[in-house]
Amino acid sequence: MTGTPTPPAREEDLARVRAAVWSLLDAATRGRDHPWRLAVLATTGPDGPDARTVVLRECDTAARVLTVYTDLRSPKVAQLRADPRATVVCWAPGPGWQVRLSVRAEVIDQGLDVSSRWARLRLTRAAQDYLSPLPPGQRREAPGHALAQAQAADAPTPHAHFGLVRLHVQAIDWLELHPAGHRRARLSETDAVWLAP
Ligand SMILES: Cc1cc2nc3c(=O)[nH]c(=O)nc-3n(C[C@H](O)[C@H](O)[C@H](O)COP(=O)(O)O)c2cc1C
């Protein structure tokens, strides 16, 4: 699916809302222009709350797991290892839907799941994201500066720092903005309840 999703009908049944949310999450991992493809992942860092944009790459609806690719040296990985509780926020103007997903993050840094994806990725331009000699967030000279280039040239042969973050969805806070009245619900593994928006 590409582009803005067709606004779903006004779902009256929370089971159908849940199914529609997972259908959109799945579509987001397949469509480059899908509004939920770029999500905000919020974590707790050593100095307090932290958040950043990530790409939703894979969705396992049956297992309720989303997968994000990352540079294993990025600070979020250490944050998630220290405290795996995180929130993913997505907004789609088409249906007027925001979801806030309460997740538990699992960092996968080796094994077949990593190597099989890296084998595909390493042949693409996106591979550069995981081959930088400097870890994300490390202080450096201005990009293009001679010293920065020298540092890069002196760096040992780059190897991939590619890894996966599996986001196990525990609960979904769904908010629908609609001219006929906003609606909100909390969908956990075992329960689904309407909330005041
Ligand atoms: C549009 C966009 C998509 C991004 N996608 C990812 C991603 O899928 N995975 C990732 O680790 N970082 C991604 N980033 C970079 C992060 O937002 C962030 O800058 C970087 O990972 C360092 O974050 P951290 O210091 O919180 O670890 C993306 C940034 C933008 C602007």
Side-chain angles (χ1 to χ4, degrees), residues 1-5 21-22 24-61 63-94 97-111 113-144 148 151-152 155 158-169:
M1 173 177 176
T2 57
T4 306
V21 166
W22 278 105
L24 280 191
L25 287 169
D26 185 56
T29 63
R30 299 170 197 281
R32 282 195 155 273
D33 299 326
H34 194 288
W36 280 4
R37 186 167 176 82
L38 295 181
V40 173
L41 171 65
T43 52
T44 304
D47 302 321
D50 203 353
R52 79 287 295 153
T53 310
V54 292
V55 179
L56 300 183
R57 301 278 183 177
E58 297 170 22
C59 174
D60 182 338
T61 300
R64 294 186 294 273
V65 178
L66 298 166
T67 299
V68 167
Y69 296 172
T70 197
D71 184 319
L72 290 164
R73 300 167 299 173
S74 71
K76 78 178 85 51
V77 170
Q79 292 174 9
L80 289 168
R81 281 182 162 140
D83 185 349
R85 295 172 304 168
T87 299
V88 174
V89 182
C90 306
W91 156 246
W97 284 14
Q98 169 187 265
V99 282
R100 288 188 289 170
L101 311 174
S102 302
V103 301
R104 287 193 81 79
E106 178 193 9
V107 177
I108 317 264
D109 57 10
Q110 57 181 321
D113 283 351
V114 175
S115 57
S116 60
R117 284 157 184 81
W118 177 244
R120 262 185 284 136
L121 202 63
R122 62 190 287 270
L123 305 171
T124 70
R125 262 180 38 189
Q128 291 310 314
D129 295 348
Y130 311 98
L131 292 168
S132 156
L134 299 179
Q138 178 161 320
R139 189 154 181 182
R140 56 168 287 181
E141 299 295 330
Q151 282 174 338
H159 64 279
H161 300 283
F162 172 73
L164 311 177
V165 182
R166 299 255 195 243
L167 303 167
H168 298 262
V169 178

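Side chains are part of it too, since the values below use all heavy atoms of this structure and drop only hydrogens, waters and symmetry mates. Whatever order the structure lists ligands and atoms in, that order sets their numbers, starting from 1.
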K.L.:
If you have a sec, work out which protein heavy atom is nearest atom 9 (N) of ligand 1 and how many Å separate them, to one decimal?
P.N.:
Y69 O, 2.8 Å
K.L.:
Going through the distances and angles, do T67 and R166 end up as a side-chain contact (heavy atoms from CB on, under 4.5 Å)?
P.N.:
CA-CA 5 Å; T67 299; R166 299 255 195 243; 2.7 Å; yes
K.L.:
Who's the nearest protein heavy-atom neighbour of atom 20 (C) of ligand 1, and how far?
P.N.:
K76 NZ, 3.9 Å
K.L.:
Any idea which protein heavy atom is nearest atom 8 (O) of ligand 1, and the distance to it?
P.N.:
V55 N, 3.0 Å
K.L.:
Going from OG1 on T29 to CG on L24, what distance comes out if it is rounded to the nearest 0.5 angstrom?
P.N.:
11.0 Å
K.L.:
Do ligand 1 and V77 have nitrogen or oxygen atoms that lie under 3.5 Å from each other?
P.N.:
no
K.L.:
Does an N or O anywhere in R57 fall below 3.5 Å from an N or O of ligand 1?
P.N.:
no
K.L.:
Given V103 and L66, is the side-chain contact (heavy atoms from CB on, under 4.5 Å) satisfied, shown in steps?
P.N.:
CA-CA 9 Å; V103 301; L66 298 166; 5.7 Å; no
K.L.:
Show, in sequence, the C-alpha distance, side-chain angles and deciding distance for W36 and V21, and conclude whether the side-chain contact (heavy atoms from CB on, under 4.5 Å) test is met.
P.N.:
CA-CA 10 Å; W36 280 4; V21 166; 4.3 Å; yes
K.L.:
Starting from atom 25 (O) of ligand 1, which protein heavy atom do you reach first, and at what distance in Å?
P.N.:
P75 CD, 3.3 Å
K.L.:
Please name the residue in the list R52, K76, R85 that meets the side chain to side chain donor-acceptor pair (under 3.5 Å) test with T43.
P.N.:
R52
K.L.:
Counting only heavy atoms not in R122, do more than 12 sit closer than 6.0 Å to its CZ atom?
P.N.:
no
K.L.:
Starting from atom 28 (C) of ligand 1, which protein heavy atom do you reach first, and at what distance in Å?
P.N.:
T53 O, 3.2 Å
K.L.:
Identify, for atom 19 (O) of ligand 1, the protein heavy atom at the shortest distance, and state residue, atom and that distance.
P.N.:
R52 CB, 4.7 Å
K.L.:
Show which atoms of ligand 1 fall inside a sub-4.0 Å distance from at least one heavy-atom site of T70.
P.N.:
10 (C), 11 (O)
K.L.:
How are the rings of W118 and Y130 set relative to one another: parallel (under 30°), tilted (30 to 60°) or perpendicular (over 60°)?
P.N.:
perpendicular
